[in-house]
Amino acid sequence: MIEARGVEKWYPNGFYALRGVDLTVHKGEVVVIMGPSGSGKSTFIRTFNALEDFQKGSIVVDGIALSDDLRQIEAIRREVGMVFQQFNLFPHLTVLENLTLAPVLVRKRARAEVERQALELLERVGIHEQARKYPGQLSGGQQQRVAIARSLCMEPRVMLFDEPTSALDPEMVQEVLEVMQELAREGMTMVVVTHELRFARRVASRVVLMADGVVVEEAPPEQFFTSPRHERSRQFLSQIG
Amino acid sequence: MDTTIRRLRRELFATPLDGLVSIALIALLLAAATAFLRWAFLQAEWAVIQANSTLFAVGRYPLEQQWRLWLLTALLAAATGLSWGLLRGLPHRGRLGRPWPLNDRLAALALATLALVIPAGLGLQPAIQLRWWLLTALLLGVRWAAGRWARLLPPALRRWIPLLWPVLYLLGMVLISGGLGLIQVGPSEWGGLLLTLVQASFAILLCFPLGILLALGRRSELPLLRWGSVLYIEFIRGAPLITLLFLGQNLLGFLLPGGMAPDRVWRAAWVLTLFAAAYVAEAVRAGLAAVPAGQLEAARTLGLPFPQALIHVVLPQALRVALPATVGQFISLLQDTTLLSLIGLLELLGTARAVMANPAFLGRNAEVYLVLAVLFWCCCAALGLGSRALETRLNPYTSTNATTATPAAPAQA
């Protein structure tokens with residue numbers, strides 16, 4: 001589904017964000033990327049839908065190679081959903097309008113049909129009674145669940161999560177993780193950047209540890225958490241554990 | 001009544017010093033008011049206004065064609081009443097419409113009083129006084145009807161209501177200048193308030209989209225577009241309007257395609273437009289800067305092409321932020337039209353100066369300038385009120401307690 005090979009990204013000031021990262025994500029897999037801050041994990045998943053460019057290497061998403069061609073980028077973005085740390089809901093639109101905007105404009109679907117689907121999705125994430133409210137009237141956890149529903153409404157084939165719970169108050173983390181877990185159970189292909197150990201342990205097919213712009217270790221969760229092979233992984237786990 | 005007095009006492013005379021300041025200020029106000037009233041009723045001679053009221057209103061617009069302007073005014077009054085009533089009467093963002101809130105009653109009362117007092121006070125001809133009363137009655141009548149029956153309007157039609165204004169504008173231009181079977185009345189025959197409003201409305205309507213384009217250009221990634229916009233904005237903002245007006249009279253004939261600025265009036269209108277666009281661009285740029293980068297990212301991530309992301313996600317938020325500054329710009333634009341008198345156009349100020357130059361009205365400057373000031377104040381107040389109504393309607397946060405706003409998303413490395 002996603003195939004990244006030797007991805008390198010550097011800034012004009014000479015700072016290397018990514019130093020040749022490889023990652024393959026198969027259909028239906030849940031890949032959790034962990035690592036200390038500044039390790040390049042957010043930057044890396046943001047290259048998958050061209051929110052960040054990269055200078056070297058190749059990324060193929062759902063059979064489409066990322067290039068500078070805007071039409072290909074837009075084709076990829078239609079198939080790749082993304083959930084941000086800061087939710088990034090559209091504050092001037094109601095919850096329902098947040099969900100229906102893209103399917104109606106981009107997929108050219110009938111509004112009534114999209115609204116029906118949107119209400120179903122909102123019910124699935126447990127906030128259908130808030131459909132006519134504005135994002136500013138919801139709690140952080142509710143907003144993030146709306147953001148997930150908004151992505152799902154485009155019927156993506158892959159979902160990217162960029163630290164989805166980092167901006168939430170502790171008591172709201174669980175409700176968002178539950179939605180994500182449910183999504184994984186239904187077979188959605190997911191790439192998740194997170195610090196939530198329990199989520200990684202329970203849901204991940206593989207855990208990837210990144211540090212200083214490279215992949216340090218890639219392993220199934222049991223192995224990663226109980227007997228990591230690399231010194232850097234042990235160090236990281238001791239820091240957050 | 002008792003509580004009012006007690007409140008006044010608490011607010012104005014809480015401490016001896018407060019009391020002293022209050023008494024001094026009240027005395028000052030009373031003195032100023034009496035002096036003014038004494039002047040207005042004993043010394044001022046309003047004949048200068050009575051004799052020239054048509055000149056102030058429309059300049060040398062041919063008398064037998066002036067029904068077109070009355071018709072336009074009536075249409076404007078009806079449209080204003082309709083928009084006002086619908087704005088209040090329609091349910092909005094989950095809140096039920098209230099047909100007649102207290103503020104509106106007060107505004108209607110003030111409007112009706114003014115319509116009765118001002119034409120009578122100026123001693124206009126009875127026929128014209130009657131017309132102003134009828135116009136006010138029309139406005140308030142439509143306002144009442146629209147507020148009352150707003151809810152019966154089919155939702156499919158509601159979206160098209162704002163279109164009424166551009167249509168009315170085009171119709172108004174036809175009514176003013178002729179065409180479609182009406183006799184042509186050229187710009188050289190327009191004057192007074194009519195010319196002021198034509199100039200200001202033309203410039204306001206065009207400078208807004210132009211300003212948005214310039215602001216987008218200034219933030220564009222294409223270097224040529226960006227530097228072009230910066231150069232334009234900074235050049236215009238660095239030059240006094242009066243210079244540009246003179247420059248435009250000489251230069252615009254060459255710059256714009258033939259027919260777009262055939263005479264002095266249209267050339268001046270274009271200069272005003274191009275001038276205001278630079279300032280609107282800066283207001284819009286500030287609005288764009290206030291929209292978190294994550295908004296565009298989220299829209300793009302959902303597959304929206306850039307233009308659609310701009311139109312549906314970024315601009316609605318940016319323009320809401322930019323609205324107060326933009327309206328401030330519109331208001332100063334309206335006032336800047338007085339500079340047109342310096343290039344020889346007979347808009348309000350130009351007409352006033354022509355009137356004052358007439359030996360028959362020698363020394364009546366104060367009366368004329370006062371009327372001018374009040375007229376401008378009315379126009380600006382209308383603009384301000386309209387924008388405030390728009391602002392509250394556009395703002396989704398009013399009367400809800402926002403728990404979490406979406407803060408700017410820092411790009412994480």
Side-chain angles (χ1 to χ4, degrees), chain A residues 11 15 17 37-43 46 49-52 70-71 73-94 98 101-103 105-107 132-140 142-143 147 150-151 153-154 156 160 162-163 166-167 193 213, chain B residues 91-96 155-156 159 221-222 287 290-323 390-413:
Chain A
Y11 291 98
F15 175 75
S37 71
S39 59
K41 51 198 192 307
S42 277
T43 309
R46 284 162 60 89
N49 58 359
L51 284 182
E52 302 275 353
L70 200 61
R71 258 178 310 175
I73 291 179
E74 278 169 9
I76 288 178
R77 282 174 174 163
R78 281 195 293 270
E79 308 306 329
V80 178
M82 185 159 200
V83 174
F84 300 86
Q85 183 179 356
Q86 303 288 349
F87 329 137
N88 292 345
L89 292 177
F90 307 135
H92 61 300
L93 301 177
T94 62
N98 262 280
L101 181 74
L105 286 177
V106 179
R107 297 242 195 252
R132 310 276 165 192
K133 285 195 182 167
Y134 285 86
Q137 296 168 275
L138 306 185
S139 73
Q142 290 173 322
Q143 290 195 46
R150 177 175 72 177
S151 277
C153 210
M154 277 296 280
L160 309 176
D162 186 3
E163 307 207 26
S166 301
V193 172
Chain B
H92 178 61
R93 309 252 190 236
R95 274 174 292 147
L96 281 180
R159 311 175 45 193
E221 282 170 10
L222 306 172
V291 179
Q295 290 290 311
L296 185 62
E297 281 185 358
R300 301 289 276 137
T301 301
L302 286 166
L304 260 63
F306 184 71
Q308 285 190 337
L310 211 55
I311 291 170
H312 293 279
V313 174
V314 178
L315 276 181
Q317 300 181 54
L319 293 185
R320 190 172 298 152
V321 176
L323 188 66
L390 203 63
E391 226 173 298
T392 37
R393 189 153 180 98
L394 287 178
N395 191 355
Y397 300 130
T398 42
S399 85
T400 65
N401 41 345
T403 45
T404 348
T406 35
Q412 283 233 328

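Every chain is numbered from 1 and lettered A, B, ... according to where its sequence line falls, protein lines coming before strand lines. Small disclaimer: the values here were computed from a predicted structure and weren't measured.
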With a 4.5 angstrom heavy-atom cut-off, could you sort out which part of [X] is near chain B: side chain, backbone, both or neither?
X: A:M154; value: side chain
X: A:L51; value: side chain
X: A:R71; value: neither
X: A:F90; value: both
X: A:L70; value: side chain

How far apart are the closest heavy atoms of [X] and [Y], and which atoms are they?
X: B:Q317; Y: A:P91; value: OE1-CG, 3.3 Å
X: B:L302; Y: A:V106; value: O-CG2, 4.2 Å
X: A:N88; Y: B:G294; value: ND2-O, 3.2 Å
X: B:F306; Y: A:E74; value: N-OE2, 4.2 Å

Next on the checklist: Test your reading of the model: is there a side-chain donor-acceptor pair from A:N49 to the backbone of B:T301, 3.5 Å cut-off?
Outcome noted: no

Checklist entry - Is a side-chain N or O of A:H92 found less than 3.5 angstrom from the main chain of B:H312, in a donor-acceptor match? => result yes

Item to check | Contacting region of B:A309 [heavy-atom separation from chain A under 4.5 Å] | outcome: neither

Checklist outcome for this item: Applying side-chain contact (heavy atoms from CB on, under 4.5 Å) to B:I311 and not counting sequence neighbours gives none

Next on the checklist: Applying side-chain contact (heavy atoms from CB on, under 4.5 Å), can you list everything that pairs with A:I73, at least two apart in sequence or on another chain?
Outcome noted: A:A50, A:L66, A:R77

Next on the checklist: Below 4.5 Å, heavy-atom pairs only: which of A:R150, A:R78, A:R132 has the largest tally toward chain B?
Outcome noted: A:R150

